[in-house]
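Down below is the structure, laid out as structure tokens.
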Amino acid sequence: MRFNFNTENWNFHKANTDILPSNTIFMNLRKEEDLLLANMKSKTRYNIHLAERKGVKVHSLGLESLEIWYELYRQTALRNNFFLHDINYFKIVLSAKANDTLSPADVYLLVAAIDNQPLAAMFLVIAANRGTYLYGASASENRNYMATYALQWRAMQVAKEKGCTEYDFFGVSPQADPSHPLYGLYRFKTGFGVRSITEWAVGIIRWITRSIDIMPPWNLKIKVII
């Protein structure tokens, strides 16, 4: 879908490329935790328990800990050769709820660590009945602790505790295509037993006030079931 509806006076322009991934997958959180674990692939379930046995703990931190996130993000960007955003980009995301009372979402910074050493981190967005894994990052060392698995599992638990009935993994290849740049994410995320695959399309933004300079990205998308 092209973003060209009635934008003559709004000064919107379609980006040359997609900034956010076009495909995502969902986890049904209505089930009990035992059933969620049982429905996961055996390797994923094993890695979650392995992280627990190794002593990986997941903490919810605030904006004062953004430097922890950014260092992990820096390592991830260098390791995977993708664009490194300025730290202020993530400061805006994390503080969206605090600074904009019209925002419908709460944003949490979750950090997985071993003996106070951060191994992985992510932003969890809670909006209505949905929890969304917005951005993730991990350290280049100690990857055998499987901290990313512990992080995702804890994020699902937090989302359930907040009343969410679904968990959005946010960003995968459209199918199991090893040549696709997001295939690694597809393998990782589908291991959690997800079944629903969704394609995102750019929709019509309803501006509440002309003074809004930054709209959280979860407000810029509509869901199209395929």
Side-chain angles (χ1 to χ4, degrees), residues 24-73 75-76 90 93-97 105-172 184-196 218:
T24 187
I25 50 181
F26 286 85
M27 166 74 80
N28 181 357
L29 295 180
R30 292 183 176 88
K31 301 176 183 178
E32 297 298 324
E33 289 188 6
D34 288 346
L35 286 178
L36 291 178
L37 283 168
N39 288 333
M40 295 178 188
K41 293 182 179 179
S42 59
K43 185 63 173 179
T44 298
R45 189 167 54 250
Y46 173 84
N47 286 339
I48 290 173
H49 293 317
L50 179 62
E52 293 175 351
R53 291 196 300 272
K54 285 180 173 288
V56 175
K57 304 295 183 182
V58 179
H59 308 279
S60 180
L61 304 179
L63 186 60
E64 69 279 0
S65 302
L66 194 58
E67 291 286 350
I68 295 176
W69 151 263
Y70 195 75
E71 172 55 25
L72 293 171
Y73 168 71
Q75 294 180 41
T76 303
F90 297 102
V93 173
L94 190 61
S95 61
K97 178 63 176 179
D106 291 308
V107 184
Y108 301 88
L109 173 58
L110 301 181
V111 178
I114 181 75
D115 296 331
N116 295 320
Q117 178 184 355
L119 300 180
M122 63 169 282
F123 290 125
L124 172 65
V125 178
I126 303 294
N129 69 332
R130 180 183 302 161
T132 299
Y133 164 40
L134 187 57
Y135 296 110
S138 61
S140 297
E141 298 180 350
N142 298 317
R143 300 180 65 79
N144 60 317
Y145 281 85
M146 302 301 169
T148 54
Y149 290 87
L151 192 64
Q152 288 294 328
W153 177 230
R154 181 56 189 152
M156 294 176 206
Q157 292 175 314
V158 171
K160 279 181 66 66
E161 292 167 4
K162 299 295 182 180
C164 295
T165 57
E166 62 182 15
Y167 182 78
D168 183 356
F169 279 90
F170 199 76
V172 293
L185 292 176
Y186 179 93
R187 290 185 58 191
F188 171 69
K189 295 176 181 180
T190 55
F192 288 88
V194 293
R195 291 291 181 269
S196 176
W218 50 90

> If you draw the axis of the six-membered ring of Y167, does the NZ or CZ of R154 fall within 45° of it and under 6.0 Å from the ring centre?
Replying inline: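 Relative to the ring axis of Y167, which defines the angle, R154 lies outside at least one limit.
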Output the distance between atom [atom1] ([X]) and atom [atom2] ([Y]), rounded to the nearest 0.5 Å.
X	Y	atom1	atom2	result
N47	E52	CG	CD	11.5 Å
L124	T132	CG	OG1	7.5 Å
T44	L50	OG1	CG	12.5 Å
Y149	I48	OH	CD1	9.0 Å

Side chain proximity check, [X] to [Y], heavy atoms < 4.5 angstrom:
X	Y	answer
M156	F169	yes
F123	L109	yes
Y135	Y73	no
M27	L36	yes
L37	W153	yes
M122	Q152	yes
K54	M146	no
C164	N129	no

Between [X] and [Y], is there a donor-acceptor pair closer than 3.5 Å when you use the side chain of the first and the backbone of the second?
X	Y	answer
K160	E32	no
D115	Q117	no
S138	L119	no

Identify the two heavy atoms, one from [X] and one from [Y], that lie closest to each other, and give their separation to 0.1 Å.
X	Y	value
L72	A139	CD2-N, 3.6 Å
A121	V111	CB-CG2, 3.9 Å
G131	I126	CA-CD1, 4.0 Å
V125	V107	CG2-CG2, 4.3 Å
A120	T148	CB-CG2, 4.0 Å

>> Take a 6.0 Å sphere around CD of E67 and say whether it holds more than 12 heavy atoms from other residues, nucleotides or ligands.
In response: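 Check fails, neighbour count at 12 or below.
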> Is E161 atom CD crowded by more than 12 heavy atoms from other residues, nucleotides or ligands, each under 6.0 Å away?
Replying inline: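 It does: E161 CD has more than 12 such atoms within range.
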> For E71, what residues pass the salt bridge (Lys or Arg N to Asp or Glu O under 4.0 Å) criterion, not counting sequence neighbours?
Replying inline: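 E71 satisfies salt bridge (Lys or Arg N to Asp or Glu O under 4.0 Å) with R74 only.
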